[in-house]
2 protein chains.
Amino acid sequence: MNSKVSKTKLADIARAAGVSPMTVSRVLNGRGGASPETAAKIEQLADEMRYRPNAVARALKSDRSGIIGVVVPDIANPFFPDVIRGVESVAMQNGYNLLLCNVVESAERELNLVRILETHRVDGVILCSARLPDAALSKALQGYKAAVLLNRTLAPETAGSITIDYRAGAADAARHLLNLGRRKVAVIGGPTTSVGAAERLEGIRSAFLSVGADSPVVVHCMPDIAGGAAAAAELLKAHPDIDALICYNDLNAIGALQYCEATFRSVPKDIAVIGFDGITLGELVRPQLSTMHVDKYAIGELCMRMLLDRIDGKFIQHRIVVRPELIVRTSTMLEQQAISGQVDFA
Amino acid sequence: MNSKVSKTKLADIARAAGVSPMTVSRVLNGRGGASPETAAKIEQLADEMRYRPNAVARALKSDRSGIIGVVVPDIANPFFPDVIRGVESVAMQNGYNLLLCNVVESAERELNLVRILETHRVDGVILCSARLPDAALSKALQGYKAAVLLNRTLAPETAGSITIDYRAGAADAARHLLNLGRRKVAVIGGPTTSVGAAERLEGIRSAFLSVGADSPVVVHCMPDIAGGAAAAAELLKAHPDIDALICYNDLNAIGALQYCEATFRSVPKDIAVIGFDGITLGELVRPQLSTMHVDKYAIGELCMRMLLDRIDGKFIQHRIVVRPELIVRTSTMLEQQAISGQVDFA
DNA sequence: CTCGGATACGTTAACGCTAACGTAGATTCT
DNA sequence: AGAATCTACGTTAGCGTTAACGTATCCGAG
C-alpha cells in the first residue's frame, strides 16, 4: 500500500542504493561481485529497512524450499521428541527447518500428510514408523526429491532407511526372560499395522523356538500407556499364570506395570516386564523398567544426515541398522540384584 | 527437461485438456466456473499426471503460505508435545501445517528462529514460553501477520496471549503446603529468564506474606529433571531442615524426588514436593507427584484458534488466562490419606 | 597503446500460480 | 426483439527472487 518502502523487498533496497536488484541479491547472499562500499551500503539499507529475504520466492525460483517434512506417529510418545531433536539439530546446522506432522496412528492420515508435504515442495521427508502398506508408501514417495524411513525399508532408490534391529532386539529380550527362568511369557504386541511389531514377534518366536519353548500369546494394542494396561488386563485375565511380558515399547510396558500394581501383582517376582526403546520415563517408574535401549537422538541425526546425502544426490549408504541394547533394571531383575538398584547422587 | 509431461504442472494439464491454465486452477481449487465435463476431464488428468499443486507458488502469489511457525523451548519436555498436538489438531482442520522449532533454552537462538520463520513467510507464529526481553520480542514480532504467545504478554496489537495464571497457581501450591503444616519451604525456581518463573515466585511470596511466614529460599536451574535434582541437592545441602519444595515444573519436581530418594529422604514425610504442569509422568513416578495441573492440549487449541482469528483480522479476544488446578497426589499427602492412593482398574 | 582478463555491475526471463479483467455465447426478462 | 444477466471460459500480468548472460570500466602485461 505504502509506495515508498512498503514491501521491504529486494527491489526497494536496490532502488535506495542505486543499484540493480541482482547486485543486492548477490551481496545479501554473500556471493561477492560488489565493491566493498556498495556491499556495505546494501547491508546497511537491508538492515534499516528490516528486510527479510522471501524464502517462498527463493524456493519457487530455485526449487529448494529449505524445509524437511517429518512425520511421526505420535509426538506424545517420548520416543519421537528425542528423534526429532536429533533430526532438527542436523537440519538446522544445514539451514533446514522442519515441517512436523503427527499421524496419530492412522494410515489414511499418513497418506494425506505425505501428499500435503509434497504440495509444500519440502526438500525431503523423514517418515518415522510409516504404517502404510509397501505399495502405497512407495507410490506416495515417488514425488519426493529425497526420503528417509525410520523403521521401514523400501527399494533404495525410493527411500533410505534407518532401522532398529527389532528382530535381534526382541530375541535378546526373550532370551533374557528365558534365562530368568520364565516360561509363561506373553507379548504385548503394539499396533497390528506396525512393521516393527511384526519383526519383534519374529525375533521372539525364533528365540522361543530355539529352546524348544511354545510360542507366546500375543495381544495387540495402541502403542501407549493405556493400550499397554488394557493389553495386560486382557492377557492376565485369560492367562493368570503368565510370568513375564515382552512389550512393544516402553509405554506399553509402563501400562502393564500399572495394571500389575493395581492388581497387586509383584514385579518382577510374579511377573517380569520388559519394554522397548529406552525412554527416560522407564528409569523413573517403580519398579524401574528393563528395556531394549536405542539412542534416539543419534537415530534422528542419522536420519537427517542420510537425507542430506540423498538431497545432494549422494547415495553413500541407503541402509543403516541400529542394534538395540539390553538394559536390565528392576522390572526383570533377580531379587538379590534388585537390592542395589538405586540411583546414585554424589 | 522432458518437454511433454515432465513438470506435471498446471499448464500441462491445461494443454492436455485443451483449456486454459486458469480454468484448471479454478477447477482444482473447487471454485467452479467450468462445465461438469470439463471439470471431470481436468480432475481425471490431474490424477493421471500425479499433479500436486505447488504450495510454494501459491504462497508467493497469494502471500499466504499455509504454514504456522511454532517455537517451543524444549520438545523433550512432555508439556510441549501436548500443546503441539492441540495446536496441530486445530491447524490441520483449517488447512495449516506446522513448522516446528526447538529453542533449547537460548534467547539468541530464539531470536534467530523468529527471524527464520519470518523469512519463510509463515502465516503466523505461536511462541511458547518466549525467553527474549519484551522490547526485543516486540521488535522481532513486528514483521508477522499474526502472533500468539503462550505464557507471555505483550501489547495486544503485537500478539495475542494465552497465559497460565502462575501467580494464583503458585499461591495455591504454597497455601497447600502451609496447610500441611510445612514452614521450611524452598523453591526450585526454573530458568532465570522465564517470565513464568518470576510470576510463580510472586505468588509464592504473597501467600507466605499473608500468613506472616518468611519468604522461602529460591534456587534457579534448567527446567528439566537433571536441573531439578541439582537444585534440590543445592538447597538441601545448604538447608537440611527444608520440609517442602515448590518446583517450577513437574520435571524439576521429579528431579527433586530422585534426589530425595537417593539421599533417603522420605517424601512426603520428610519433604513434601509439588510441581507444576500436570504432565502424565507425574502420575507414573513414585511417590506420585502433586502438581498444579493445566490442560495442555486445550491450551494448544486455544493458541491456534486465537491465531486463526488474528490471521483473519478478527481480534475478538487478545488475552486468555488459564487457571491451574491443584492436584494432590502422594508427594504432598498426609499419611492417612496416602494409604488409599492407588490406581484403580476394573 | 593495445589487448586479455578481471571486476563490478545491469538486463532479461522464468519459477508456478492466480487475481483481475475480458469476452463470447446461452438464457431469461420485459 | 432487445437488453440484462449468467455461464464458461481465455488473457495478461505480476508475486520476489535469481540463473544466465551481457556490458562497461580498469589494470597490467607485452
Side-chain angles (χ1 to χ4, degrees), chain A residues 1 3 5-43 45-46 49-67 118-123 143 145, chain B residues 1-3 5-43 45-46 49-66 118-123 143 145:
Chain A
M1 316 296 153
S3 58
V5 187
S6 59
K7 321 274 283 200
T8 57
K9 63 188 185 205
L10 203 149
D12 292 320
I13 299 177
R15 217 167 301 132
V19 297
S20 86
M22 202 54 237
T23 303
V24 178
S25 170
R26 271 189 287 253
V27 169
L28 263 28
N29 289 300
R31 248 195 301 290
S35 67
E37 308 90 65
T38 312
K41 190 196 286 184
I42 288 171
E43 303 246 28
L45 278 167
M49 298 165 83
R50 322 204 76 243
Y51 172 75
R52 298 271 176 267
N54 187 327
V56 174
R58 200 195 307 237
L60 179 62
K61 176 75 175 134
S62 65
D63 203 30
R64 300 184 65 266
S65 62
I67 295 177
E118 193 181 340
T119 280
H120 280 289
R121 296 298 188 270
V122 295
D123 292 333
K145 300 171 218 164
Chain B
M1 314 299 155
N2 180 333
S3 57
V5 187
S6 61
K7 320 276 281 198
T8 57
K9 62 188 189 205
L10 204 149
D12 291 321
I13 299 177
R15 217 166 301 132
V19 297
S20 85
M22 201 55 237
T23 303
V24 179
S25 170
R26 271 188 288 254
V27 170
L28 262 27
N29 289 300
R31 247 196 302 290
S35 68
E37 309 90 65
T38 312
K41 190 196 288 183
I42 288 171
E43 304 245 28
L45 278 167
M49 298 165 81
R50 321 205 75 243
Y51 172 75
R52 297 272 175 265
N54 187 326
V56 174
R58 201 194 308 232
L60 179 62
K61 174 77 176 135
S62 65
D63 204 30
R64 299 182 66 264
S65 61
E118 193 181 343
T119 280
H120 280 290
R121 297 297 188 271
V122 295
D123 292 333
K145 299 169 217 166

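Within every chain, numbering begins at 1; the chains are lettered A, B, ... in the order of the sequence lines, protein sequences first and strands thereafter.
A pairwise comparison of heavy atoms in A/Leu28 and A/Tyr51 identifies CD2-CE2, 3.5 Å as the closest pair. Contact record, B/Lys145 with B/Arg121: NZ-O, 3.8 Å, taken as the closest heavy-atom pair.
Two residues, B/Arg58 and A/Val19, neighbour DNA chain C, and the one matched to the more 5' nucleotide by heavy-atom proximity is A/Val19. Comparing B/Ser35 and A/Asn54 by the nucleotide of DNA chain D whose heavy atom lies nearest to each, the residue mapping closer to the 5' end is B/Ser35. Ranked by how close their nearest DNA chain D nucleotide is to the 5' end, B/Ala57 and B/Gly18 are led by B/Gly18.
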- Message: Applying side chain to side chain contact (heavy atoms under 4.5 Å, CB included) to A/Arg58 and A/Asn29, what does each step give before you reach the verdict?
- Response: CA-CA 11 Å; A/Arg58 200 195 307 237; A/Asn29 289 300; 2.9 Å; yes
- Message: Working note: A/His120 + A/Ile67, criterion side chain to side chain contact (heavy atoms under 4.5 Å, CB included); need CA distance, chi angles, decisive distance, verdict.
- Response: CA-CA 9 Å; A/His120 280 289; A/Ile67 295 177; over 6 Å; no
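Contact annotation: A/Thr38 does not reach the phosphate of C/dA8 (side-chain N/O to OP1 or OP2, under 4.0 Å). Using a 4.0 Å cut-off, no side-chain N or O of B/Ser20 falls inside it from OP1 or OP2 of D/dT11.
Look at CG on B/Leu10: it is 6 Å from P on C/dT18, rounded to the nearest Å. For the pair A/Arg121 CZ and D/dT17 P, the computed distance is 21 Å after rounding to whole Å.
B/Arg31 comes within contact range of the sugar-phosphate backbone alone, with a heavy-atom separation under 4.0 Å but no base atom that close.
Applying the side chain to side chain donor-acceptor pair (under 3.5 Å) rule to A/Ser20 yields the partners A/Thr23; only residues at least two apart in sequence or on another chain are considered.
Annotation: proximity of residues 22-30 of chain B to DNA chain C (heavy atom, distance under 4.0 Å) is found for B/Met22, B/Ser25, B/Asn29, numbered in ascending order.
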Indicate every side-chain donor-acceptor pair of residues 32-42 of chain B with a distance under 3.5 Å to a residue at least two apart or in another chain.
from: B/Ser35; atom 1: OG; to: B/Thr38; atom 2: N; distance (Å): 3.2
from: B/Ser35; atom 1: OG; to: B/Thr38; atom 2: OG1; distance (Å): 2.6

